[in-house]
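Have a look at the structure below, then the notes.
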Amino acid sequence: MKYKAIFFDRDGTLTYFDKKKEEWRDRIISEWSGKPFELSYEKMMKLFELASEGKKPWYRTIDDERTFFQRFYRFLLIGEDIKQNIDRRAMVLFEELWCNKDRVLFPETIEVLEYFQLHGYKMGVISDTSPSLEYTLQQLGIAKYFTSFTASSLVGAGKPSPIIFNAALEAQGVSAEESLYVDDCKLEADGAREQGFTSFFLDRTGRSSDGWCIQSLKQLINFVSLQN
């Protein structure tokens with residue numbers, strides 16, 4: 001077998017965010033504040049800075065992350081001029097939105113993971129995310145397929161830095177040349193390829209003309225079948 005390992009990005013590759021959660025968030029905050037609410041990227045990053053209390057990295061453990069997001073939602077409410085029951089309402093947001101069925105699996109995810117597990121591949125996830133990476137995949141029932149969970153918050157670097165890719169390879173005891181990688185971000189897929197991975201850019205829209213582009217995770221199965 002030419003390849004020994006396969007690594008996946010999480011968000012946009014294996015999973016996607018449940019829009020119903022965002023709709024609930026926007027609706028309830030609007031009700032509390034009496035004005036329309038929208039969480040823009042700029043507003044979100046400002047709240048991240050406030051919740052970090054000047055500390056970087058923002059969190060290194062799941063307990064750190066829980067505390068961080070409780071502060072995050074408190075600052076969010078303050079920023080919307082909500083003055084009543086701040087702590088209770090911040091906890092309502094936290095309990096509903098943090099690691100609580102906020103992600104959904106793409107239809108082909110289980111089938112593809114089953115295939116690579118059945119064929120003896122080492123499997124890992126590489127994600128620009130927080131310490132709850134493994135926990136979120138446990139909630140979705142797919143953590144059992146993986147033997148490494150490489151989160152940017154824990155290794156101190158995000159994709160496409162070689163640091164995070166090397167950390168994932170070391171965790172599995174394989175080389176980049178022995179490994180496949182797939183990501184829905186072209187910059188990050190290209191970064192893995194520059195490190196020696198056979199790397200695919202996942203574009204479900206089908207608009208990309210990149211030579212290493214796939215439209216479905218199932219195409220990974222077709223690729224490796226031709227290599228053996």
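Small disclaimer: the values here were computed from a predicted structure and weren't measured. For reference, positions follow the sequence shown, starting with 1.
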Start with the C-alpha gap between R103 and L14, add the side-chain angles, then the distance that decides, and say whether side chain to side chain contact (heavy atoms under 4.5 Å, CB included) holds. CA-CA 10 Å; R103 290 178 175 83; L14 297 171; over 6 Å; no

What's the verdict on salt bridge (charged side-chain N to carboxylate O under 4.0 Å, His left out) for E22 and K19, showing C-alpha distance, side-chain angles and the deciding distance? CA-CA 5 Å; E22 292 182 3; K19 286 292 183 182; 3.6 Å; yes

Checking T67 against Y59 for the side chain to side chain contact (heavy atoms under 4.5 Å, CB included) test, could you report, in this order, the C-alpha distance in whole Å, the side-chain angles of both residues, the deciding distance, and whether it holds? CA-CA 9 Å; T67 302; Y59 26 58; over 6 Å; no

Quick one: do E108 and R204 satisfy salt bridge (charged side-chain N to carboxylate O under 4.0 Å, His left out)? Show the steps, please. CA-CA 12 Å; E108 76 273 21; R204 288 189 170 86; 2.8 Å; yes

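Sorted by first then second residue, the side chain to side chain donor-acceptor pair (under 3.5 Å) pairs that include residues 140-153, not counting sequence neighbours, are E114-Y145, T147-Q172, S148-Q172.
Here NZ of K55 is found 8.0 Å from CG of D64. Values are rounded to the nearest 0.5 Å. A distance of 3.5 Å separates CZ of F116 from CD1 of I6, quoted to the nearest 0.5 Å. Between the CD atom of E31 and the CD1 atom of I82 there is a distance of 10.5 Å, given to the nearest 0.5 Å. Taken to the nearest 0.5 Å, the CD atom of E96 stands 12.0 Å off from the CZ atom of R25. Distance check: T61 OG1 to D63 CG gives 5.0 Å after rounding to the nearest 0.5 Å. The OG atom of S179 sits 12.5 Å away from the CE atom of M123 when rounded to the nearest 0.5 Å.
Applying the side-chain hydrogen bond (donor to acceptor under 3.5 Å, both in side chains) test to T15 and every residue at least two apart in sequence or in another chain returns D11. For F106, the ring pair (Phe, Tyr, Trp, His ring centres under 6.0 Å) criterion is met by Y16, not counting sequence neighbours. Here N222 pairs with nothing under the side-chain hydrogen bond (donor to acceptor under 3.5 Å, both in side chains) rule; sequence neighbours left out. Take L187 and apply the side-chain contact (heavy atoms from CB on, under 4.5 Å) test, not counting sequence neighbours, and it matches P160, C185. A search for side-chain contact (heavy atoms from CB on, under 4.5 Å) contacts involving N166 returns P162, L169, not counting sequence neighbours. Take K218 and apply the side-chain hydrogen bond (donor to acceptor under 3.5 Å, both in side chains) test, not counting sequence neighbours, and it matches E111.
A donor-acceptor contact shorter than 3.5 Å is absent between the side chain of E178 and the backbone of K2. Formation of a donor-acceptor pair under 3.5 Å by the S161 side chain with backbone atoms of A157 is not found in this model. Listed for the E188 side chain is no donor-acceptor partner under 3.5 Å among the backbone atoms of D184. In this structure a side-chain-to-backbone donor-acceptor pair under 3.5 Å is present from S33 to I29.
The existence of a salt bridge linking D183 and K159 is confirmed by a sub-4.0 Å separation between a basic side-chain nitrogen and an acidic carboxylate oxygen. For E49 and K56, the salt-bridge test passes: some basic side-chain N is under 4.0 Å from an acidic carboxylate O. Salt bridge absent: D203 and K186 never bring a charged side-chain N and a carboxylate O closer than 4.0 Å.
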All N/O donor-acceptor pairs, side-chain side in residues 131-138, below 3.5 Å, sequence neighbours left out:
from: S132; atom 1: OG; to: E65; atom 2: OE1; distance (Å): 3.2
from: S132; atom 1: OG; to: E65; atom 2: OE2; distance (Å): 2.8
from: S132; atom 1: OG; to: S130; atom 2: OG; distance (Å): 3.2
from: T136; atom 1: OG1; to: R10; atom 2: NH1; distance (Å): 2.9
from: T136; atom 1: OG1; to: L133; atom 2: O; distance (Å): 2.7

Taking distance alone, no hydrogens or angles, what donor-acceptor pairs closer than 3.5 Å link side-chain atoms of residues 83-94 to residues at least two apart or in another chain?
from: D87; atom 1: OD1; to: R74; atom 2: NE; distance (Å): 2.7
from: R89; atom 1: NH1; to: Q84; atom 2: O; distance (Å): 3.2

Name the atoms and distances for all side-chain donor-acceptor pairs under 3.5 Å in residues 39-47, with sequence neighbours left out.
from: S40; atom 1: OG; to: K43; atom 2: N; distance (Å): 3.1
from: K43; atom 1: NZ; to: E38; atom 2: O; distance (Å): 3.1
from: K43; atom 1: NZ; to: E80; atom 2: OE2; distance (Å): 3.2

Identify all side-chain donor-acceptor contacts of residues 192-202 below 3.5 Å with residues at least two apart in sequence or on another chain.
from: R193; atom 1: NE; to: S199; atom 2: O; distance (Å): 3.3
from: R193; atom 1: NH1; to: D190; atom 2: OD1; distance (Å): 2.9
from: R193; atom 1: NH2; to: S199; atom 2: O; distance (Å): 2.6
from: T198; atom 1: OG1; to: Y3; atom 2: OH; distance (Å): 2.8
from: S199; atom 1: OG; to: A189; atom 2: O; distance (Å): 2.7

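Each of F149 and I62 belongs to its own hydrophobic cluster when Ile, Leu, Val, Met, Phe, Trp and Tyr are linked at side-chain heavy-atom distances under 4.5 angstrom.
Contact record, W58 with S52: CD1-CB, 2.9 Å, taken as the closest heavy-atom pair. The two residues S127 and I164 make their nearest non-hydrogen contact at O-CD1, 4.1 Å. Nearest heavy atom pair, residue L217 against residue T13, reads CD1-O, 3.4 Å. The two atoms that bring K101 and Q139 nearest to each other are N-OE1, 4.4 Å, heavy atoms only.
In the hydrophobic clustering, where aliphatic and aromatic side chains (Ile, Leu, Val, Met, Phe, Trp, Tyr) are joined below 4.5 Å either directly or transitively, L154 stands alone.
A centroid separation of 6.0 Å or more is found between the aromatic rings of F7 and Y181.
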